[in-house]
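To find a chain, count down the sequence lines: A is the first, B the second, and so on, and within it residues start at 1.
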Amino acid sequence: MLDKRYLRDNLEEAERRLKTRGGALDLAPFKVLDERRRELLKESEGLKALRNKVSEEIAQVKDKSQAQDRIVEMREVSQKIKQLDDELKGVEEELDRILLIIPNLPHETVPVGLSEEENREVRRWGNIPALGFAPKPHWEIGEALGILDFECGAKLTGARFTLYKGAGARLERSLVNFMLDLHTGEHKYIEMLPPFMVNRESMTGTGQLPKFEEDLFHVEGFDYFLIPTAEVPVTNIHRGEILRGNDLPRCYAAYTPCFRKEAGSYGKDTRGLIRQHQFNKVELVKFVKPQDSHQELDALLADAETILQRLGLPYRVVELCTGDIGFSAAKTFDIEVWLPGQNTYREISSCSNFEDFQARRADIRYREDDKAKPEFVHTLNGSGLAVGRTVVAILENCQQADGTVTIPEALRPYMGGLERIG
RNA sequence: GGAGAGAUGGCCGAGUGGUCGAAGGCGCCUGACUCGAAAUCAGGUAUGGGGGUGACUCCAUCUAGGGUUCGAAUCCCUAUCUCUCCGCCA
């Protein structure tokens, strides 16, 4: 959510900056409603002040029959107040509806562009493996080794669900543990294990609602949603709280499954693990002071990159352009891992700075010291990493001519010493 | 699922129609005392919104949303959450 006052005073600038995301956005209704709101507020508050004053006078009078005329008068005033407040409530609801669907302002440093074509490559790491044979896609490798069963996933649930078996299941679990151990041990994140369903307030706090309800799985009989990312529960941990300045930055790491409808992606990535309705992810979330947030984003990105470096998987870092960053983000870097089976880089992590956008929605503030006024924190998060896609990357990059897959050394302790699958 | 109890400021806790944004305590801040600290004493300590250059002032907020009333932390209704007992359950 953008700052109402900022919008009021800089409407044209806001419109111009939002336009760089693509799509039209007319802020005129905001202006009209905002002005009406302030008119109503002024009038209602004036009458309330009067009522409070007169009611106090009535309280002083011993014999209430002597105050009868004032009581009658205030009865009318109260009715008028109720009328005004009813209209005010309607105006505020409409105003909120508008504010909740306005996306975040892209940071000034974000490259302007309309689609992912205009994203900016920042750096590459690692060498693309020279396999010396035609690389297979991970679904063929996984099926041949008997560690991934797409058909059974479809039988159990439906399309875009997969059964992991044997060493495949263990590989997924090992990666979760490896990632969490690294982030909590070397990078000093605090581990969290949150609920996998959240309520509407939490989804609104991070920006999934009200605009993207069709992407979410909703639970029948409850107004709960399956989380599409751990970002939602973990960021909402501090919803409605005022943190202490010296408690910042707060850095959390959480493993959760993620559930996404993937509406509108029919026909895309239909084979394999790339796009599933349910996938595992280790997520990193930070609450920081505003002046530190862009530096903290760089650090978060580096923390996510470390995982790929330790696993020896080649990747590149891409800075998303204005047309490609998400609704709540001010700035985003994607990490894309090299997939020989597809002969391309594919997203395996997305690291974003939301600045005060989520903090304002979720009311997460901090106080520099006991005397200071509370200020909104900046929130950040990033995948560290998407686990299923990491399995994909390992299968495809570490595949051997004989169909076996070499397990990256860093992972072997987690695999009970196993060096290869197959 | 059945029965009951509760939700008040950073924390504990008083408050059953007006003088209550809320006693008291703890915590925290400032000052005094001290070489310094502890103890003690004095004062100060919520959030959001509106108005004023400013001292300041007005409005709202005692889980949330409705209602009664001239006036609600206090009375009524609903929801949510917490706790206790019974049942069920990994």
Partner nucleotide, any strand, of [N] [Watson-Crick/G-U, under 3.5 Å]:
N       : value
rG36(B) : none
rG48(B) : rC59(B)
rG87(B) : none
rC20(B) : none
rU74(B) : none
rC81(B) : rG6(B)
rU30(B) : rA42(B)

Indicate whether OP1 or OP2 belonging to [N] is found under 4.0 Å from a side-chain N or O atom of [X].
X         : N       : answer
Arg38(A)  : rG49(B) : no
Arg75(A)  : rU69(B) : no
Lys89(A)  : rG66(B) : yes
Ser44(A)  : rC59(B) : no
Asn52(A)  : rC70(B) : no
Arg365(A) : rG48(B) : yes
Lys48(A)  : rG50(B) : no
Arg5(A)   : rG49(B) : yes

Q | Along RNA chain B (nearest heavy atom to each residue), the more 5'-positioned of Ile242(A) and Tyr224(A) | A | Ile242(A)

Q: Please figure out whether Gln60(A) or Pro374(A) has its closest RNA chain B nucleotide nearer the 5' end.
A: Gln60(A)

Please measure how far the [atom1] atom in [N] lies from the corresponding atom in [M], and state the result in whole Å.
N       : M       : atom1 : answer
rC33(B) : rU57(B) : P     : 32 Å
rG51(B) : rC62(B) : C1'   : 27 Å
rG13(B) : rG65(B) : P     : 25 Å
rA64(B) : rA5(B)  : P     : 22 Å
rC83(B) : rG31(B) : P     : 44 Å
rC70(B) : rC85(B) : P     : 46 Å
rA90(B) : rA73(B) : C1'   : 42 Å
rU8(B)  : rA14(B) : C1'   : 10 Å

Write down the distance between [atom1] ([X]) and [atom2] ([N]), rounded to a whole number of angstrom.
X         : N       : atom1 : atom2 : result
Glu375(A) : rG48(B) : CD    : P     : 11 Å
Glu241(A) : rC11(B) : CD    : C1'   : 14 Å
Asp85(A)  : rA60(B) : CG    : P     : 10 Å
Asp363(A) : rU61(B) : CG    : P     : 18 Å
Arg361(A) : rG48(B) : CZ    : P     : 20 Å

Have a look at [X] and say if it touches a base, only the backbone sugar-phosphate, or nothing, with a 4.0 Å heavy-atom cut-off.
X         : answer
Arg200(A) : nothing
Leu41(A)  : sugar-phosphate
Lys53(A)  : nothing

Q.
With side chain to side chain contact (heavy atoms under 4.5 Å, CB included) as the criterion, how do Leu100(A) and Lys211(A) come out once you've worked through the C-alpha distance, each side chain's angles and the decisive distance to 0.1 Å?
A. CA-CA 8 Å; Leu100(A) 284 173; Lys211(A) 217 177 164 184; over 6 Å; no

Q: Compare the minimum distances between each of rC70(B), rU68(B), rC59(B) and the side chain of Glu45(A), then state the nucleotide with the smallest one.
A: rC59(B)

Q. Of all the choices, rC70(B), rU47(B), rC59(B), which nucleotide is nearest to the side chain of Ser55(A) once you look at every atom?
A. rC70(B)

Q | Donor-acceptor side-chain pairing of Tyr315(A) and Gln309(A) below 3.5 angstrom | A | yes

Q. Using a distance-only test with no angle check, is there a side-chain donor-acceptor pair under 3.5 angstrom linking Gln79(A) and Arg75(A)?
A. no

Aromatic ring pairing [X]/[Y], orientation class (parallel under 30°, perpendicular over 60°, tilted between):
X         : Y         : value
His138(A) : Phe150(A) : perpendicular
His277(A) : Phe161(A) : tilted
His187(A) : His183(A) : tilted

Q.
Would you say the rings of Phe225(A) and Phe217(A) are close, in the sense that their centroids are separated by under 6.0 Å?
A. no

(Q) If we ignore hydrogens and angles and just use 3.5 Å, is the side chain of Asn104(A) paired with the main-chain N or O of Ser328(A) as donor and acceptor? (A) yes

